[in-house]
Amino acid sequence: MSYTIGGPPRLFGLVPCAGSGLRAGTDGPKQYAPLAGRPLVAHTLEVWAGLLEVEATLVVLAPDDDRFEQMVPQWQGPRCWSARVGGLTRAESVAAGLAELAVRGVQPHDWVLVHDAARGLLQPQWVRRLMSACGDDEVGGLLALPVADTLKQAGDEEPARVDATVPRAGKWAAQTPQMFRLGLLRAALAAAGPQVTDESSAVEALGHRPRLVSGDPENFKLTWPGDFALAERLLATRMAPSS
Ligand code: CTP
Ligand code: MG
C-alpha cells in the first residue's frame, strides 16, 4: 500500500473476532454460529467490505482459529485483511490488531474504526453517521444510545435483589464502531491494560472526551442464546441487503 506521510488521514476498520462466546452458549465460538444461514461474522464483514471509504479492514482472529477462511470465503482481496494475533481479552485482541495495522503501514494520524464481530446487524449508514460526526473531531467518538430503562444496581446474592437505583439521566450505552486515531488508541490501550471493555474508556482515561453519536437499537451485540433468534427476526424484516 502506498501513502504520503503527513497526507490526509485515511480510514481503516478493525474487527476483533477472537472471543469464545461463553455467554451465548453456542456450539463453538459464537462468531461462527449460524445467523440466517451464514456465520455471524460473515454478516458483519459484508458491511465492512462494502464501505468503500474504508481503505482496508483487519479481522483479528484467535491464534488457533482454524476455520475463518472456510467459514467466510468471501473475505479476500486487497481491502480484506486478517491476522491471527488475538489475545485473552478483547482489549488485548484490539491492541494486537492495532500493532498489526501499524506494521501494514497505517499511520498514527489515520482513523481506526473498531467494531465487534458480534454486532452482525450493523448497517453502513450508521458507520457513515459516525464517520461524518468524527472526521473533523480532535478526539474521535463512538456510536451509543441514551439509556431508556431505569437502571438498578444489584447486590451479589442469588436470586438478585436491588441495592440501589442508579440515576438514568445522561447515561448512554456504548456500541461499536468506535473511531479513534491509531496513535492515540495505541497509547490509550497500552496505558489502560487488558481489562477495559471498549476503546472509549481507554481514551477517556487519558483525559479525553469522545463524541457520543446516536447508534441504533438494532446494532446490538449478540451475547445471549436468545439473541440469535431475535437477530434473525430483525434480518427477516429487512427488504434487501443494503449498501
Ligand atoms: N473478542 C476478541 N478477543 C477476546 C475476547 C473478545 O477479539 N479475547 C471479540 C469477540 O470475538 C467479539 C467482541 O470482542 O466480537 C466483543 O466481545 P464479546 O461479545 O464479549 O464476545 P466474547 O468475549 O466472545 O463472548 P463472552 O464474553 O460471552 O465469552
Ligand atoms: Mg467477552
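For ligands, and for the atoms within them, numbers begin at 1 and follow the listed sequence.
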Side-chain donor-acceptor distances from residues 184-197 under 3.5 Å, at least two apart:
none

L11-L130 co-clustered via ILVMFWY side chain contacts under 4.5 Å: yes
R238/E218 salt bridge by N-O under 4.0 Å criterion: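 Yes.
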Side chains of Q178 and D198, donor plus acceptor under 3.5 Å: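 Present: a donor and an acceptor within the cut-off.
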Heavy-atom donor-acceptor pair, D163 side chain to Q153 backbone, under 3.5 Å: no
Closest approach of C17 to V59 (non-hydrogen atoms, all atoms of both residues):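 Shortest heavy-atom separation between C17 and V59 comes out as CB-CG1, 3.7 Å.
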Within the protein, flag every N or O under 3.5 Å from an N or O of ligand 1, and note the pair and distance.
from, atom 1, to, atom 2, distance (Å)
ligand 1, 3 (N), S93, OG, 2.7
ligand 1, 7 (O), C17, N, 3.3
ligand 1, 7 (O), A18, N, 2.9
ligand 1, 7 (O), S93, OG, 3.4
ligand 1, 8 (N), G87, O, 2.9
ligand 1, 8 (N), L88, O, 3.3
ligand 1, 8 (N), T89, N, 3.4
ligand 1, 8 (N), T89, O, 3.3
ligand 1, 11 (O), A18, N, 3.4
ligand 1, 11 (O), G19, N, 3.0
ligand 1, 15 (O), P16, O, 3.0
ligand 1, 15 (O), A117, N, 3.1
ligand 1, 15 (O), A118, N, 3.2
ligand 1, 19 (O), K30, NZ, 2.8
ligand 1, 19 (O), K221, NZ, 3.1
ligand 1, 20 (O), R23, NH2, 3.0
ligand 1, 21 (O), K30, NZ, 3.4
ligand 1, 24 (O), S20, N, 3.1
ligand 1, 24 (O), G21, N, 2.7
ligand 1, 25 (O), G21, N, 3.4
ligand 1, 27 (O), R23, NE, 3.4
ligand 1, 27 (O), R23, NH2, 3.0
ligand 1, 28 (O), L22, N, 3.4
ligand 1, 28 (O), R23, N, 2.9
ligand 1, 28 (O), R23, NE, 2.9
ligand 1, 29 (O), L22, N, 2.8

